[in-house]
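First up is the structure itself, then whatever we jot down about it.
All values derive from a computational prediction rather than experimental measurement. Numbers here are sequence positions counted from 1. Each ligand, and each atom within it, is numbered from 1 in the order the structure gives.
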Amino acid sequence: MKHVIATIGAAALAMALVLPGANAAEEEGEQHTVHYPLKKPVEQDWSFAGPFGKYDKGQLQRGFKVYANVCSACHSLKRVAFRDFHELGYSEEEVDAIAAGYDVEDGPNADGEMFTRPGLPTDYFPSPYENEEQAKVANNGAIPPDFSLIAKARGVERGFPLFVFDVFTQYAEGGPDYIYSLLTGYGEEPAEHVVVPDGLYYNPHFGSGVALAMAQPLYGDDVEYDDGTPATIEQEAKDVAAFLMWAAEPHMTERKEMGFRVMLFLIIFAAFLYLAKKQVWSRVDH
Ligand code: HEC
């Protein structure tokens with residue numbers, strides 16, 4: 001028995017001596033794992049951040065304009081209906097007009113054929129492509145992702161210690177920060193060791209590689225804002241990111257209000273429970 005233990009001990013010792021050597025050899029070969037994105041998202045101030053955050057309707061309307069004029073050429077928004085735009089502060093007539101501005105496929109008619117008609121408030125946003133294959137062909141093999149949930153689907157791992165602080169600061173704007181940074185992150189020259197594949201565009205803020213299949217979509221002055229806000233690239237990127245957050249979570253404001261009320265209720269309830277407990281146990285000798 002002693003021999004066995006001694007042998008195992010010797011083997012463990014030998015491994016402990018050999019393994020660090022092996023690691024050192026690997027490091028010399030410069031096999032570093034690269035983490036994407038190359039650059040962390042740039043944090044922005046959002047009106048909807050924090051426990052009392054609210055959407056800024058003016059900003060959402062501007063963001064919608066950017067989406068409608070630029071992004072909707074490639075990206076669908078399948079889960080948002082025109083009638084939802086009431087929440088952006090548009091009137092009945094304005095929503096009707098927005099919907100009517102799109103052609104929607106309907107049918108079949110009495111002859112069994114599909115037909116297109118102007119959109120109604122109850123319709124969902126039409127997709128720019130007939131199907132995924134068409135989207136792929138038009139975009140160099142990459143499908144532009146649907147926008148309905150993108151602001152919640154993207155985000156960058158924050159790592160220690162930030163994710164600990166996030167619990168207290170209630171940071172939940174990783175998606176819009178990521179989208180903002182991606183849209184404003186083009187234009188830099190890649191470092192020498194970075195190889196950009198053909199047909200892709202370098203962007204250090206892209207979360208899954210050094211480059212993506214989307215060319216820079218915004219340059220500034222891509223739209224003219226109705227409220228006179230200067231349409232800089234930063235402004236447009238921020239507005240469209242806020243709009244996408246709304247699309248992904250339209251009832252965020254209600255959720256936060258409800259959360260606050262529940263916390264308030266629990267605090268008051270806890271105080272009453274404490275008083276009740278004191279009352280119940282007051283006649284018992286300690
Ligand atoms: C010409 C077509 C085109 C336009 C216009 C366009 N995109 Fe894209 N977008 C793409 C394609 C293609 C991809 C997929 C890229 C990939 O995965 O390599 C993409 C991907 C994305 C992604 C996901 C990136 C990721 O992390 O996977 C976001 C976010 C995005 N686009 C936002 C926008 C916004 C916002 C606009 C409007 C301001 C816009 N796009 C306009 C084609 C387009």
Side-chain angles (χ1 to χ4, degrees), residues 34-44 46 59-80 88 102 125-158 173-188 190 194-225 229-249:
V34 187
H35 292 283
Y36 299 114
L38 297 176
K39 286 189 184 166
K40 295 256 173 227
V42 191
E43 276 181 51
Q44 299 295 307
W46 301 103
Q59 177 169 55
L60 297 185
Q61 293 195 3
R62 290 196 301 272
F64 169 56
K65 191 153 195 189
V66 176
Y67 168 70
N69 287 357
V70 184
C71 324
S72 69
C74 303
H75 290 276
S76 52
L77 191 57
K78 286 185 196 150
R79 285 169 211 283
V80 176
L88 305 192
Y102 290 85
F125 234 92
S127 301
Y129 304 108
E130 304 251 319
N131 48 56
E132 288 196 342
E133 296 310 316
Q134 201 188 50
K136 253 192 203 169
V137 168
N139 289 286
N140 221 343
I143 300 174
D146 182 68
F147 267 176
S148 312
L149 290 168
I150 194 117
K152 297 231 118 186
R154 291 294 184 280
V156 174
E157 273 191 29
R158 306 253 287 162
E173 289 73 44
D177 281 340
Y178 173 77
I179 295 171
Y180 170 86
S181 306
L182 183 77
L183 294 172
T184 53
Y186 288 90
E188 289 172 45
V194 175
V195 184
V196 179
D198 268 353
L200 296 191
Y201 304 88
Y202 176 71
N203 190 327
H205 287 286
F206 180 49
S208 353
V210 292
L212 73 167
M214 171 170 76
Q216 179 169 353
L218 294 175
Y219 288 89
D221 288 327
D222 305 275
V223 295
E224 200 173 306
Y225 284 137
T229 307
T232 58
I233 176 169
E234 288 83 12
Q235 185 71 43
E236 291 175 336
K238 206 172 162 185
D239 291 344
V240 78
F243 170 73
L244 293 178
M245 190 66 186
W246 169 80
E249 203 184 349

Fill in the blank from the handout: The side-chain contact (heavy atoms from CB on, under 4.5 Å) partner of Phe206 among Tyr178, Tyr186, Tyr201 is Tyr178

N/O pairs closer than 3.5 Å, ligand 1 and protein:
residue	atom	partner	partner atom	Å
ligand 1	7 (N)	His75	NE2	2.8
ligand 1	9 (N)	His75	NE2	2.8
ligand 1	18 (O)	Ala213	N	2.8
ligand 1	26 (O)	Arg154	NE	2.9
ligand 1	26 (O)	Tyr178	OH	2.5
ligand 1	27 (O)	Arg154	NE	3.1
ligand 1	27 (O)	Arg154	NH2	2.9
ligand 1	31 (N)	His75	NE2	2.9
ligand 1	40 (N)	His75	NE2	2.9

Fill in the blank from the handout: Applying salt bridge (charged side-chain N to carboxylate O under 4.0 Å, His left out) to Asp177 and not counting sequence neighbours gives none

Practice task
Kindly assign one of parallel, tilted or perpendicular to the pair His75 and Phe147, based on the angle between their ring planes and the thresholds 30° and 60°.
Solution key: parallel

Problem - Closest heavy-atom pair and its distance - Cys74, Asn139 - result: SG-OD1, 4.1 Å

Exercise for the section: Hey, can you tell me if Phe125 and Phe64 have their rings parallel, tilted or perpendicular (30° and 60° cut-offs)? Expected result: perpendicular

Exercise for the section: Evaluate the criterion side chain to side chain contact (heavy atoms under 4.5 Å, CB included) for residue pair Asn69 and Asp222; output intermediate values, then yes/no. Expected result: CA-CA 8 Å; Asn69 287 357; Asp222 305 275; over 6 Å; no

